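Written below as structure tokens is the structure these notes are about.
Remember, it's a predicted structure, so these values are computed and weren't measured experimentally.
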Amino acid sequence: MSLLRSLHLCLVARTGGCSVRGLGPCTDLLSLQAGPVPLQWPQPRHTLHAGPRLSSSASSKELLMKLRRKTGYSFVNCKKALETCGGDLKQAESWLHEQARKEGWSKAAKLHGRKTKEGLIGLLQEGNTTVLVEVNCETDFVARNLKFQQLVQQVALGTMLHCQSLKNQLSTYSKGFLNSSELSELPTGPEREGSLKDQLALAIGKLGENMTLKRAAWVKVPTGFYVGSYVHGAMHSPSLHNLVLGKYGALVICETSEWKANLEDLGRRLGQHVVGMAPLSVGSLDDEPGGEAETKMLSQPYLLDPSITLGQYVQPQGVSVVDFVRFECGESEEAAESE
């Protein structure tokens with residue numbers, strides 16, 4: 001056997017064929033000497049069209065952006081929600097809110113007991129109904145946060161809906177108060193699920209401070225009555241034009257025989273007096289004038305003109321002051337109850 005033939009058999013035995021790229025199985029290495037072997041080009045591979053995948057990716061991105069805009073949660077959380085819910089937008093939104101509530105209540109439990117002396121008073125008027133609410137937090141920094149202000153707005157709207165749902169026939173004014181636990185159980189309204197305590201948990205989860213829904217007051221008046229209002233350090237809600245926010249708030253209920261153009265300005269001045277002088281009762285026009293320590297409203301020196309009493313200022317205006325409500329943000333429970 002020739003040397004070349006032996007080499008061929010050895011290679012075939014070891015490799016099972018020729019390793020030369022482009023050739024078919026090599027059955028006889030000697031044929032390489034006989035002349036060139038026609039090259040066999042590899043058959044083209046059939047690939048899947050990428051169109052559907054790109055379309056699916058674009059659709060997923062659109063869903064992600066839509067969920068993000070609607071809920072305000074991070075891209076990471078929105079993506080996880082869509083994956084968990086199989087791309088169902090409505091289920092993903094509910095899942096996000098549920099997870100946020102769980103996280104919020106978990107944080108609320110950890111932060112419970114930390115003092116909440118800061119916050120905001122919210123005053124909302126609609127028709128013949130006016131509400132005053134107080135929501136507290138730990139720091140003034142959080143009180144200036146938009147998310148906290150949105151919580152105050154939700155509490156004011158929830159209180160307003162509660163008051164409007166009371167179908168009582170008014171022959172005179174009516175006034176009511178809600179404590180912290182009563183306020184927490186109120187529904188948030190038609191646009192959001194759950195109660196105000198759920199909105200509280202969401203805000204705690206987002207802002208990382210302890211917060212409390214402290215109290216609310218509401219007043220409804222029939223024809224012949226007017227509610228003056230004032231908020232100290234007032235700023236308007238960015239999304240609800242008739243909601244005013246501040247650190248002090250007052251409602252003054254007046255009875256009048258006729259509507260006058262200056263009633264709104266008069267009501268604001270009376271509210272300023274209540275905020276500044278902090279009376280404990282209305283008193284009577286027949287009461288003797290008092291000094292700085294006087295607690296009867298009509299006997300107090302008028303805040304804007306101490307040379308006369310508030311009663312002397314009001315009497316020529318053709319209105320009678322019959323009641324008031326005063327909220328001071330962060331005041332003690334004892335002071336709040338005494339008022």
Side-chain angles (χ1 to χ4, degrees), residues 47-112 120 122 124 126 131 133 135 137 141-165 183-213 216 236-243 245:
T47 57
L48 293 173
H49 189 262
R53 181 175 296 176
L54 288 174
S55 175
S56 175
S57 175
S59 177
S60 297
K61 188 174 181 180
E62 186 180 341
L63 277 175
L64 181 61
M65 293 296 292
K66 191 172 183 180
L67 186 61
R68 160 83 171 157
R69 285 193 301 267
K70 194 170 184 182
T71 64
Y73 294 110
S74 68
F75 281 109
V76 173
N77 287 332
C78 288
K79 185 178 179 183
K80 186 176 180 181
L82 286 169
E83 289 173 351
T84 303
C85 300
D88 187 301
L89 190 64
K90 191 172 182 180
Q91 286 186 17
E93 186 180 350
S94 298
W95 185 87
L96 277 171
H97 289 320
E98 182 60 30
Q99 295 304 309
R101 273 194 290 267
K102 287 179 181 177
E103 183 181 346
W105 284 121
S106 176
K107 283 189 179 180
K110 292 177 184 177
L111 298 173
H112 181 71
L120 286 172
L124 180 61
E126 286 186 8
V131 302
V133 302
V135 183
C137 56
F141 177 77
V142 162
R144 296 194 300 269
N145 187 284
L146 179 60
K147 288 184 172 62
F148 181 79
Q149 293 173 13
Q150 288 172 338
L151 173 64
V152 180
Q153 176 175 307
Q154 281 296 317
V155 174
L157 285 170
T159 305
M160 177 65 71
L161 289 171
H162 167 73
C163 185
Q164 290 173 340
S165 70
L183 199 54
S184 297
E185 296 300 328
L186 292 183
T188 56
E191 295 184 1
R192 294 176 184 262
E193 296 179 358
S195 60
L196 289 178
K197 66 182 178 183
D198 294 318
Q199 297 303 312
L200 174 67
L202 288 171
I204 291 173
K206 289 176 181 176
L207 297 174
E209 274 197 10
N210 190 26
M211 300 175 198
T212 52
L213 309 182
H236 285 270
S237 164
S239 55
L240 195 64
H241 71 279
N242 55 340
L243 173 68
L245 305 169

Heavy-atom nearest pair, Leu245 first then Gly122, reads CD2-CA, 3.9 Å

Residues 143-163 vs salt bridge (charged side-chain N to carboxylate O under 4.0 Å, His left out), sequence neighbours excluded, gives Asp140-Arg144

Residue set satisfying side chain to side chain donor-acceptor pair (under 3.5 Å) with Gln91, at least two apart, ordered chain then number -> none

Salt bridge (charged side-chain N to carboxylate O under 4.0 Å, His left out) filter on Glu126, not counting sequence neighbours, yields none

Hits for side chain to side chain contact (heavy atoms under 4.5 Å, CB included) against Ala216, two or more places apart or cross-chain, chain-then-number order -> Val133, Thr159, Leu178, Leu183

Nearest heavy-atom approach of Cys137 to Phe148 is CB-CE1, 3.7 Å

When rounded to the nearest 0.5 Å, the distance separating CG of Leu157 from CG of Leu196 is 9.5 Å

Residues passing the side chain to side chain donor-acceptor pair (under 3.5 Å) test with Glu83, sequence neighbours excluded, are none

By side chain to side chain donor-acceptor pair (under 3.5 Å), Thr212 pairs with (sequence neighbours left out) Thr116

To the nearest 0.5 Å, atom CG of Leu207 lies from atom CG of Leu202 at 10.5 Å

So CD of Gln149 and CG of Leu243: to nearest 0.5 Å the spacing works out to 9.0 Å

Between Leu124 and Met160, the two heavy atoms sitting closest are O-CE, 3.5 Å

Shortest non-hydrogen pair, Leu213 vs Lys197, comes out as CD1-N, 4.4 Å

Closest non-hydrogen atoms of Val131 and Ala156, given as atom of the first, atom of the second and distance, are CG2-O, 3.8 Å

Here the pair of heavy atoms bringing Thr188 nearest to Gln199 is CG2-CG, 3.3 Å

